[in-house]
Amino acid sequence: EADIYQTPRYLVIGTGKKITLECSQTMGHDKMYWYQQDPGMELHLIHYSYGVNSTEKGDLSSESTVSRIRTEHFPLTLESARPSHTSQYLCASSEYVSGTGNTIYFGEGSWLTVV
Amino acid sequence: SQKIEQNSEALNIQEGKTATLTCNYTNYSPAYLQWYRQDPGRGPVFLLLIRENEKEKRKERLKVTFDTTLKQSLFHITASQPADSATYLCALDMKQGGKLIFGQGTELSVKP
(Lines give C-alpha, C1' and ligand atoms only; values in the text may rest on other atoms or scores of the structure.)
Protein backbone atom coordinates (compact mmCIF):
# COMPACT_ATOMS: atom_id res chain seq x y z
CA GLU A 1 0.00 0.00 0.00
CA ALA A 2 1.42 3.36 -1.06
CA ASP A 3 1.82 6.04 1.62
CA ILE A 4 0.85 9.06 -0.41
CA TYR A 5 -2.10 11.19 0.59
CA GLN A 6 -4.09 13.85 -1.16
CA THR A 7 -6.62 16.30 0.24
CA PRO A 8 -9.28 17.21 -0.49
CA ARG A 9 -10.63 14.22 -2.42
CA TYR A 10 -13.48 16.28 -3.82
CA LEU A 11 -13.79 20.06 -4.11
CA VAL A 12 -16.45 22.24 -5.71
CA ILE A 13 -15.44 25.87 -5.86
CA GLY A 14 -16.53 29.09 -7.53
CA THR A 15 -14.75 30.81 -10.39
CA GLY A 16 -11.99 33.14 -9.31
CA LYS A 17 -11.27 31.44 -5.99
CA LYS A 18 -7.78 30.40 -4.95
CA ILE A 19 -7.32 26.72 -4.16
CA THR A 20 -4.51 24.54 -2.90
CA LEU A 21 -4.44 20.79 -3.36
CA GLU A 22 -2.34 19.10 -0.72
CA CYS A 23 -0.11 16.09 -1.28
CA SER A 24 2.09 14.31 1.25
CA GLN A 25 4.14 11.15 1.11
CA THR A 26 5.82 9.29 3.95
CA MET A 27 8.17 7.13 1.87
CA GLY A 28 11.00 9.65 1.75
CA HIS A 29 10.93 9.74 -2.05
CA ASP A 30 12.93 12.48 -3.73
CA LYS A 31 10.78 12.69 -6.85
CA MET A 32 7.20 13.92 -6.80
CA TYR A 33 4.75 14.63 -9.60
CA TRP A 34 1.37 16.16 -10.39
CA TYR A 35 -0.71 14.70 -13.19
CA GLN A 36 -3.98 15.96 -14.61
CA GLN A 37 -6.51 13.47 -15.97
CA ASP A 38 -9.99 14.01 -17.36
CA PRO A 39 -12.45 11.06 -17.13
CA GLY A 40 -11.58 8.36 -19.64
CA MET A 41 -8.59 10.30 -20.91
CA GLU A 42 -4.84 9.88 -20.61
CA LEU A 43 -2.57 11.15 -17.85
CA HIS A 44 -0.84 14.46 -18.44
CA LEU A 45 2.21 15.46 -16.40
CA ILE A 46 1.85 19.10 -15.31
CA HIS A 47 4.58 19.48 -12.64
CA TYR A 48 7.43 17.48 -11.20
CA SER A 49 10.12 17.85 -8.59
CA TYR A 50 13.42 16.04 -8.16
CA GLY A 51 13.90 17.23 -4.61
CA VAL A 52 13.54 20.11 -2.17
CA ASN A 53 13.51 23.51 -3.91
CA SER A 54 13.44 21.82 -7.33
CA THR A 55 10.31 22.14 -9.49
CA GLU A 56 9.79 21.87 -13.23
CA LYS A 57 6.89 22.29 -15.61
CA GLY A 58 5.55 19.11 -17.14
CA ASP A 59 4.54 18.21 -20.66
CA LEU A 60 1.10 19.82 -20.40
CA SER A 61 0.97 23.55 -19.81
CA SER A 62 -0.89 24.43 -16.63
CA GLU A 63 -1.79 27.67 -14.89
CA SER A 64 -1.17 26.02 -11.55
CA THR A 65 1.99 26.41 -9.49
CA VAL A 66 3.77 24.07 -7.09
CA SER A 67 6.30 24.31 -4.30
CA ARG A 68 8.64 21.80 -2.64
CA ILE A 69 9.87 23.17 0.66
CA ARG A 70 9.90 19.79 2.40
CA THR A 71 10.65 16.36 0.94
CA GLU A 72 7.31 14.93 1.97
CA HIS A 73 5.08 17.80 0.86
CA PHE A 74 4.22 18.94 -2.70
CA PRO A 75 1.18 21.24 -2.80
CA LEU A 76 -0.42 22.51 -6.02
CA THR A 77 -2.04 25.96 -6.13
CA LEU A 78 -4.43 27.63 -8.52
CA GLU A 79 -4.53 31.38 -7.88
CA SER A 80 -7.80 31.95 -9.72
CA ALA A 81 -9.86 28.88 -10.55
CA ARG A 82 -11.76 28.69 -13.83
CA PRO A 83 -14.25 26.10 -15.17
CA SER A 84 -11.52 24.88 -17.58
CA HIS A 85 -9.57 23.72 -14.51
CA THR A 86 -12.25 21.15 -13.71
CA SER A 87 -10.46 17.80 -13.71
CA GLN A 88 -8.89 15.10 -11.58
CA TYR A 89 -5.45 15.91 -10.19
CA LEU A 90 -3.21 13.01 -9.22
CA CYS A 91 -0.14 13.38 -7.06
CA ALA A 92 2.61 10.77 -7.22
CA SER A 93 6.10 10.03 -5.94
CA SER A 94 8.98 7.76 -6.88
CA GLU A 95 12.55 6.89 -6.05
CA TYR A 96 15.09 5.46 -8.46
CA VAL A 97 16.28 2.00 -7.43
CA SER A 98 19.03 0.33 -9.39
CA GLY A 99 17.62 -2.76 -11.04
CA THR A 100 13.98 -1.71 -10.87
CA GLY A 101 14.03 1.91 -11.99
CA ASN A 102 11.39 4.45 -11.00
CA THR A 103 8.20 2.84 -9.77
CA ILE A 104 5.59 5.54 -9.34
CA TYR A 105 3.14 5.53 -6.43
CA PHE A 106 -0.03 7.52 -6.95
CA GLY A 107 -2.38 9.11 -4.49
CA GLU A 108 -6.14 8.62 -4.72
CA GLY A 109 -6.59 11.87 -6.60
CA SER A 110 -8.35 15.18 -6.03
CA TRP A 111 -11.47 15.87 -8.05
CA LEU A 112 -11.83 19.59 -8.69
CA THR A 113 -15.02 21.12 -10.05
CA VAL A 114 -15.07 24.86 -10.76
CA VAL A 115 -18.53 26.35 -11.19
CA SER B 1 8.89 11.69 -33.31
CA GLN B 2 8.63 9.89 -30.02
CA LYS B 3 5.38 8.22 -29.09
CA ILE B 4 3.88 5.40 -27.09
CA GLU B 5 0.64 3.75 -28.14
CA GLN B 6 -1.75 1.25 -26.62
CA ASN B 7 -4.90 -0.34 -28.10
CA SER B 8 -7.23 2.62 -28.35
CA GLU B 9 -10.39 0.53 -28.41
CA ALA B 10 -11.72 -1.14 -25.31
CA LEU B 11 -11.13 -4.86 -25.05
CA ASN B 12 -14.14 -6.99 -24.18
CA ILE B 13 -13.57 -10.63 -23.30
CA GLN B 14 -15.37 -13.51 -21.64
CA GLU B 15 -14.47 -14.64 -18.14
CA GLY B 16 -11.86 -17.38 -18.16
CA LYS B 17 -10.25 -16.27 -21.41
CA THR B 18 -6.82 -14.68 -21.75
CA ALA B 19 -6.70 -10.92 -22.24
CA THR B 20 -3.82 -9.54 -24.29
CA LEU B 21 -3.00 -5.85 -24.30
CA THR B 22 -0.40 -4.20 -26.52
CA CYS B 23 2.02 -1.37 -25.92
CA ASN B 24 4.07 -0.05 -28.85
CA TYR B 25 6.61 2.75 -28.82
CA THR B 26 8.88 4.54 -31.24
CA ASN B 27 12.13 6.44 -30.84
CA TYR B 28 12.59 5.55 -27.17
CA SER B 29 15.13 3.25 -25.55
CA PRO B 30 13.60 2.42 -22.18
CA ALA B 31 15.59 0.67 -19.51
CA TYR B 32 12.36 -0.67 -18.02
CA LEU B 33 8.78 -1.04 -19.14
CA GLN B 34 6.09 -0.94 -16.49
CA TRP B 35 2.41 -1.84 -16.37
CA TYR B 36 -0.17 -0.16 -14.15
CA ARG B 37 -3.82 -0.77 -13.41
CA GLN B 38 -6.27 2.10 -12.97
CA ASP B 39 -9.80 1.76 -11.65
CA PRO B 40 -12.39 4.51 -12.36
CA GLY B 41 -11.83 7.56 -10.20
CA ARG B 42 -8.64 6.17 -8.62
CA GLY B 43 -4.94 6.64 -9.17
CA PRO B 44 -2.98 4.03 -11.15
CA VAL B 45 -1.44 1.15 -9.22
CA PHE B 46 1.86 -0.48 -10.20
CA LEU B 47 1.55 -4.12 -11.31
CA LEU B 48 4.92 -5.25 -12.63
CA LEU B 49 7.91 -4.22 -14.67
CA ILE B 50 10.25 -5.84 -17.14
CA ARG B 51 13.85 -4.84 -17.83
CA GLU B 52 15.29 -4.15 -21.27
CA ASN B 53 17.36 -7.35 -21.12
CA GLU B 54 14.38 -9.55 -20.17
CA LYS B 55 12.07 -11.22 -22.65
CA GLU B 56 9.30 -12.33 -20.32
CA LYS B 57 8.13 -11.79 -16.76
CA ARG B 58 5.36 -13.52 -14.83
CA LYS B 59 3.46 -12.69 -11.67
CA GLU B 60 0.57 -14.94 -10.73
CA ARG B 61 -1.94 -14.67 -13.62
CA LEU B 62 -0.03 -11.84 -15.28
CA LYS B 63 2.60 -12.22 -17.98
CA VAL B 64 4.53 -9.46 -19.71
CA THR B 65 6.76 -9.79 -22.76
CA PHE B 66 9.22 -7.20 -24.01
CA ASP B 67 10.66 -7.11 -27.52
CA THR B 68 13.13 -4.24 -27.83
CA THR B 69 13.62 -4.96 -31.54
CA LEU B 70 9.92 -4.63 -32.31
CA LYS B 71 9.63 -1.93 -29.61
CA GLN B 72 6.62 -3.69 -28.19
CA SER B 73 5.35 -5.11 -24.93
CA LEU B 74 2.45 -7.50 -24.55
CA PHE B 75 0.52 -7.79 -21.28
CA HIS B 76 -1.45 -10.98 -20.71
CA ILE B 77 -4.01 -11.79 -18.03
CA THR B 78 -4.80 -15.49 -18.00
CA ALA B 79 -8.02 -16.97 -16.62
CA SER B 80 -9.50 -13.48 -16.60
CA GLN B 81 -12.15 -12.52 -14.03
CA PRO B 82 -14.71 -9.69 -13.92
CA ALA B 83 -12.58 -8.16 -11.15
CA ASP B 84 -9.81 -7.68 -13.72
CA SER B 85 -11.97 -5.08 -15.49
CA ALA B 86 -10.03 -1.80 -15.41
CA THR B 87 -7.83 0.42 -17.55
CA TYR B 88 -4.28 -0.80 -17.99
CA LEU B 89 -1.44 1.61 -18.72
CA CYS B 90 2.05 0.89 -19.90
CA ALA B 91 4.89 3.25 -19.05
CA LEU B 92 8.45 3.63 -20.29
CA ASP B 93 11.18 4.25 -17.75
CA MET B 94 14.42 5.67 -19.17
CA LYS B 95 17.73 5.10 -17.42
CA GLN B 96 17.65 7.34 -14.35
CA GLY B 97 15.42 9.73 -16.28
CA GLY B 98 12.95 10.12 -13.47
CA LYS B 99 9.85 10.85 -15.52
CA LEU B 100 7.87 7.91 -16.84
CA ILE B 101 6.26 8.14 -20.27
CA PHE B 102 2.70 6.79 -19.99
CA GLY B 103 0.56 5.35 -22.73
CA GLN B 104 -3.05 6.41 -23.00
CA GLY B 105 -4.29 3.13 -21.50
CA THR B 106 -6.53 0.32 -22.70
CA GLU B 107 -9.86 -0.34 -21.04
CA LEU B 108 -10.49 -4.02 -20.35
CA SER B 109 -13.95 -5.39 -19.64
CA VAL B 110 -14.34 -9.02 -18.56
CA LYS B 111 -17.89 -10.31 -18.82
CA PRO B 112 -19.12 -13.17 -16.60
Side-chain angles (χ1 to χ4, degrees), chain A residues 1-7 9-10 21 23 25 27 29-51 54-60 87-113, chain B residues 1-11 23 25 28-54 57 59 64 66 73 85-109:
Chain A
E1 192 75 18
D3 295 320
I4 181 162
Y5 308 100
Q6 291 185 238
T7 57
R9 285 293 319 275
Y10 303 94
L21 304 180
C23 177
Q25 51 100 359
M27 296 171 282
H29 288 167
D30 287 331
K31 300 182 182 71
M32 294 191 74
Y33 315 83
W34 277 102
Y35 290 86
Q36 184 175 344
Q37 185 179 38
D38 293 324
M41 304 298 285
E42 61 190 287
L43 287 166
H44 291 286
L45 180 67
I46 52 175
H47 298 282
Y48 63 99
S49 167
Y50 283 167
S54 152
T55 61
E56 302 280 346
K57 294 278 190 183
D59 305 317
L60 180 69
S87 188
Q88 182 184 29
Y89 293 85
L90 288 158
C91 182
S93 72
S94 74
E95 183 178 60
Y96 180 81
V97 176
S98 180
T100 58
N102 290 287
T103 299
I104 288 194
Y105 296 91
F106 285 86
E108 293 287 350
S110 292
W111 285 94
L112 173 65
T113 302
Chain B
S1 64
Q2 296 176 315
K3 60 181 179 179
I4 176 171
E5 287 185 337
Q6 298 185 243
N7 316 61
S8 56
E9 293 184 10
L11 182 62
C23 177
Y25 60 93
Y28 285 112
S29 297
Y32 311 92
L33 192 143
Q34 302 182 10
W35 284 89
Y36 289 76
R37 169 183 172 142
Q38 186 174 24
D39 292 291
R42 310 288 291 272
V45 174
F46 171 77
L47 294 175
L48 73 169
L49 68 85
I50 188 165
R51 299 179 184 84
E52 61 180 336
N53 60 353
E54 296 177 314
K57 199 79 168 283
K59 180 182 176 182
V64 172
F66 194 14
S73 174
S85 298
T87 295
Y88 292 85
L89 302 111
C90 66
L92 307 181
D93 184 1
M94 310 304 170
K95 286 188 173 70
Q96 302 211 25
K99 293 185 294 177
L100 296 195
I101 314 295
F102 280 93
Q104 76 271 35
T106 297
E107 183 180 349
L108 172 66
S109 179

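A note on names: the letters A, B, ... follow the listed sequences, proteins ahead of strands, and every chain is numbered from 1. Owing to the predicted nature of the structure, the values given are computational and were not obtained by experimental measurement. Just so you know, these numbers use all the heavy atoms, side chains as well, and skip hydrogens, waters and symmetry mates.
A tilted orientation is assigned to the rings of Phe106(A) and Tyr35(A), their planes being inclined by 30° to 60°.
Note: Thr100(A) leads Asp59(A), Leu90(A), Thr100(A) in heavy-atom pairs under 4.5 Å with chain B. When each of Pro44(B), Pro40(B), Gly103(B), Gly41(B) is scored by its heavy-atom pairs under 4.5 Å with chain A, the top score falls to Pro44(B). Listed options Gly99(A), Cys91(A), Gly109(A), Pro39(A) were ranked by heavy-atom pairs under 4.5 angstrom with chain B; first place goes to Gly99(A).
A donor-acceptor pair under 3.5 Å is absent between the side-chain atoms of Gln38(B) and the main chain of Leu89(B), judged by distance alone. Side chain of Glu54(B) to backbone of Phe66(B): no donor-acceptor contact under 3.5 angstrom is found. With hydrogens and angles disregarded, no donor-acceptor distance shorter than 3.5 Å links the side chain of Lys31(A) to the backbone of Tyr48(A).
Residue pairs satisfying the salt bridge (Lys or Arg N to Asp or Glu O under 4.0 Å) criterion with at least one member in residues 39-49 of chain B, sequence neighbours excluded, are listed as follows: Glu108(A)-Arg42(B), Arg37(B)-Asp39(B).
For Gln37(A), the part lying under 4.5 angstrom from a heavy atom of chain B is the side chain only. Contacts of Glu107(B) with chain A are absent, with no heavy-atom separation under 4.5 Å from either backbone or side chain.
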